[in-house]
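These notes concern the structure reproduced below.
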Amino acid sequence: MIGGDVRWWRKVSVGVIGLALSACSSTHPILYPNAHLQSVGKEAVEQDIAACKQLAESAGAGEGSGKAGRVATGTAAGAGIGATSGAVGGVISGAAGTGAAIGAVSGAVWGLLTSLFFASGPSNSNEAYTNFVNRCLEEKGYEVTGWQ
């Protein structure tokens, strides 16, 4: 029974880590389908976006972490705190490994949910970075409607 429980907790922890990593994925501009966008191919659009992002970073406007970074940090911190407290509880009950796994998963879930629902500030990239990329794309003929 203990082995099955550990495997279940491992599966859950992999799922939580995957969810946390998906929260870290980079944001990207959403472009309005104007005449310029329709006249260039998808490959050219992706190259222009990448070039504008690189230009912004080389100018010193880093993408930053925004809400996604805060969520990942909160999830990782929750997992660490949960693993430690779970291991301590497990030592007392005689199952340190299981306790650590349970604590890590529950701490990660708590950190993820807390960060998602209570993180303050912008939900996307650094404002200077976003503005820089928006301006660069507009100078190339695109219309940025937002970021996602």
Side-chain angles (χ1 to χ4, degrees), residues 4-90 96-148:
D5 288 343
V6 171
R7 283 191 293 273
W8 182 83
W9 281 107
R10 283 185 186 154
K11 289 178 184 176
V12 171
S13 64
V14 167
V16 169
I17 291 168
L19 184 60
L21 290 176
S22 70
C24 298
S25 63
S26 179
T27 58
H28 60 277
I30 306 300
L31 303 175
Y32 183 79
N34 64 6
H36 178 72
L37 179 68
Q38 293 174 358
S39 70
V40 299
K42 181 178 174 136
E43 186 175 310
V45 172
E46 295 302 322
Q47 288 175 352
D48 286 343
I49 291 172
C52 287
K53 285 182 170 187
Q54 180 61 39
L55 188 60
E57 289 176 12
S58 67
E63 186 171 3
S65 60
K67 185 174 181 179
R70 289 190 300 275
V71 169
T73 301
T75 302
I81 292 168
T84 303
S85 60
V88 170
T98 303
I102 293 169
V105 172
S106 59
V109 169
W110 177 258
L112 173 68
L113 294 176
T114 301
S115 298
L116 282 173
F117 293 112
F118 299 109
S120 60
S123 61
N124 55 14
S125 300
N126 177 319
E127 188 176 344
Y129 175 84
T130 305
N131 290 340
F132 196 107
V133 174
N134 287 350
R135 181 171 175 179
C136 175
L137 289 171
E138 287 169 5
E139 288 178 358
K140 292 179 181 286
Y142 300 101
E143 293 179 45
V144 180
T145 61
W147 283 68
Q148 188 173 27

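The chain is numbered in sequence order, starting from 1.
Residues forming a side-chain contact (heavy atoms from CB on, under 4.5 Å) with Cys136 (at least two apart in sequence, or on another chain): Cys52, Leu55, Lys140. A search for side-chain contact (heavy atoms from CB on, under 4.5 Å) contacts involving Gln47 returns Glu43, not counting sequence neighbours.
Under the 4.0 Å criterion applied to side-chain N and carboxylate O atoms, Lys53 and Glu57 are not assigned as salt-bridge partners.
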**Q.** Glu63/Thr27 under side-chain contact (heavy atoms from CB on, under 4.5 Å): CA gap, chis, key distance, verdict
**A.** CA-CA 9 Å; Glu63 186 171 3; Thr27 58; 3.7 Å; yes
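No side-chain heavy atom of Tyr32 sits less than 4.5 Å from a side-chain heavy atom of Val144.
Taking CD of Glu127 as the start and CG of Asn134 as the end, the distance is 10.5 Å to the nearest 0.5 Å. Interatomic distance, NE2 of His28 versus CD of Gln148, reported as 5.5 Å (0.5 Å rounding). Here CG of Leu37 is found 10.5 Å from NZ of Lys42. Values are rounded to the nearest 0.5 Å. Residue Asp48 holds its CG atom at 12.0 Å from CD of Glu139, rounded to the nearest 0.5 Å.
The backbone N or O of Ile30 lies less than 3.5 Å from a partner atom in the side chain of Thr145, making a donor-acceptor pair. A distance-only check finds a donor-acceptor pair linking the side chain of Gln38 to the backbone of Pro33 [under 3.5 Å].
For the residue pair Asn126 and Gly62, the shortest heavy atom distance occurs at CB-O, 3.4 Å. The shortest non-hydrogen separation linking Tyr129 to Ala61 is CD1-O, 2.8 Å.
Judged purely by distance below 3.5 Å, without hydrogens or angles, the side chains of Asn34 and Tyr142 never pair a donor atom with an acceptor atom.
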